[in-house]
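These notes concern the structure reproduced below.
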Amino acid sequence: MTFRGYWALCTIIICTIASILFASKSLFLISVFLLGLLTFSAINIFYRKSKIKVLRETIPKYPVEDSEVLTTLSIEGALKDTLIKDYFDSGKKSTKFYFDKTSSKSSTKVQYKLNVEHRGKYTQGPLLVTENDWLGFFSKDTPIDNEEFLLVYPKVEEIAIPTVSIQSQHESKSFKDNSTTPSEDLFGLKEYSPGDDT
């Protein structure tokens with residue numbers, strides 16, 4: 001029941017008590033009328049089936065750690081006073097979208113950004129749709145099970161490859177003397193010539 005529904009229920013109780021105390025037929029009729037609206041709204045929300053369809057798209061498709069992902073929701077069939085909540089990272093984060101004036105045949109796109117700090121597997125979804133009845137007395141939560149997994153990859157950085165100049169045969173003694181490598185296996189470097197030992 002929404003705040004408006006509780007307000008209507010309190011009004012019914014007050015009007016009923018006042019009609020008994022003051023023997024007022026008009027207050028009694030008001031309470032009966034509001035009770036009828038409240039009952040009709042409860043039946044309406046109980047049998048109401050959500051016709052909302054939501055598709056989720058995430059860019060980039062292969063995100064890396066410590067970056068932002070942009071999620072786009074394509075929503076069809078959202079009526080007035082509809083609230084859609086999308087969950088991320090196993091429910092640790094969520095975002096809400098409220099629809100004020102939308103027809104059941106219209107299509108809407110909404111976007112939100114999220115920061116993925118660590119590499120690994122993240123979950124997106126499920127979606128929770130909250131709809132009100134036509135008078136706004138009751139609300140109904142309908143989960144949409146469109147849970148998806150987002151794989152976040154490690155950050156890739158370019159590493160400069162050290163270049164080693166090729167020394168000629170007569171420079172090999174100088175290379176050995178000036179080398180910082182303590183290995184005694186390296187006698188020198190020279191360009192390969194056909195017939196050299198591999």
Inset, instruction - Can you sort out the partners of Asp196 under salt bridge (Lys or Arg N to Asp or Glu O under 4.0 Å), two or more places apart, ordered by chain and number? - result: Lys190

Legend entry - Heavy-atom neighbours of Phe3 CZ exceed 12 at 6.0 Å: no

Legend entry - Distance in Å, Glu131 CD paired with Lys140 NZ, rounded so as to fall on 0.5 Å steps: 8.0 Å

Legend entry - Audit row: Ile13, Thr11, side-chain contact (heavy atoms from CB on, under 4.5 Å) steps and yes/no: CA-CA 5 Å; Ile13 294 169; Thr11 306; over 6 Å; no

Legend entry - Contact check, side chains of Lys53 and Leu55, non-hydrogen atoms, under 4.5 Å: no

Legend entry - Side-chain heavy-atom pair Pro63, Leu150 within 4.5 angstrom cut-off: yes

Legend entry - Test: Lys96 and Asp86 ion pair at under 4.0 Å: no

Legend entry - Spacing of Phe46 atom CZ and Ser41 atom OG [to the nearest 0.5 Å]: 15.0 Å

Anything under 3.5 Å between a donor and an acceptor, one on a side chain of residues 114-129, the other on a protein residue two or more places apart or in another chain? List them.
{"unit_1": "Tyr122", "atom_1": "OH", "unit_2": "His118", "atom_2": "N", "d": "3.2"}
{"unit_1": "Tyr122", "atom_1": "OH", "unit_2": "His118", "atom_2": "O", "d": "2.8"}
{"unit_1": "Thr123", "atom_1": "OG1", "unit_2": "Ser90", "atom_2": "N", "d": "2.7"}
{"unit_1": "Thr123", "atom_1": "OG1", "unit_2": "Ser90", "atom_2": "OG", "d": "3.3"}
{"unit_1": "Gln124", "atom_1": "OE1", "unit_2": "Thr58", "atom_2": "OG1", "d": "3.0"}
{"unit_1": "Gln124", "atom_1": "NE2", "unit_2": "Thr58", "atom_2": "OG1", "d": "3.3"}
{"unit_1": "Gln124", "atom_1": "NE2", "unit_2": "Thr71", "atom_2": "OG1", "d": "3.1"}

Inset, instruction - Report yes if some heavy atom in the side chain of Lys25 is under 4.5 Å from a heavy atom in the side chain of Ser19; otherwise report no. - result: no

Legend entry - Val110 vs Ile75 side-chain heavy atoms within contact, under 4.5 Å: yes

Legend entry - Gap between atom CD1 of Ile52 and atom OG1 of Thr142 - 0.5 Å precision: 8.0 Å

Legend entry - Nearest heavy atoms of Ala18 and Leu27, plus distance in Å: CB-CD1, 3.5 Å

Inset, instruction - Compare every heavy atom of Pro60 with every heavy atom of Glu68, then report the nearest pair and how far apart it is. - result: O-CD, 3.9 Å

Inset, instruction - Could you point out which residue of Leu29, Leu37, Leu35 forms a side chain to side chain contact (heavy atoms under 4.5 Å, CB included) with Phe33? - result: Leu37

Inset, instruction - Starting at CD1 of Ile144, measure out to CZ of Arg56 and round the result to the nearest 0.5 Å. - result: 9.5 Å

Legend entry - Linked, directly or transitively: Leu70 and Phe149 (ILVMFWY side chains, under 4.5 Å): no

Legend entry - Verify same cluster id: Phe88, Leu151 (apolar side-chain graph, 4.5 Å): no

Inset, instruction - For Thr2, enumerate each residue passing the side-chain contact (heavy atoms from CB on, under 4.5 Å) test, keeping only those at least two apart in sequence or located in another chain. - result: Arg4, Asn132, Ser139

Inset, instruction - Answer yes if the side chains of Gln111 and Thr72 hold a donor-acceptor pair under 3.5 Å, and no otherwise. - result: yes

Legend entry - Same cluster (ILVMFWY, side-chain, under 4.5 Å), Ile12 and Phe22: yes

Legend entry - Modelled atom types, side-chain donor and acceptor of Thr130 and Asp141, under 3.5 Å: yes

Inset, instruction - Taking all heavy atoms of Thr16 and all of Ser31, pick out the closest pair and write down the distance. - result: OG1-CB, 3.4 Å

Inset, instruction - Kindly say whether Ile45 contributes a backbone atom to a donor-acceptor pair with the side chain of Asp133 at under 3.5 angstrom? - result: no

Inset, instruction - Group every Ile, Leu, Val, Met, Phe, Trp and Tyr by side-chain heavy-atom contacts under 4.5 Å, then state whether Tyr6 and Leu38 land in the same group. - result: yes

Legend entry - Heavy-atom check, side chain of Thr108 versus side chain of Phe97, under 4.5 Å: no

Inset, instruction - Tell me, yes or no, whether the heavy-atom count around Tyr112 atom OH, taken from other residues, nucleotides or ligands under 6.0 Å, exceeds 12. - result: yes

Legend entry - ILVMFWY cluster, Tyr87 and Val152 together (side-chain gap under 4.5 Å): no

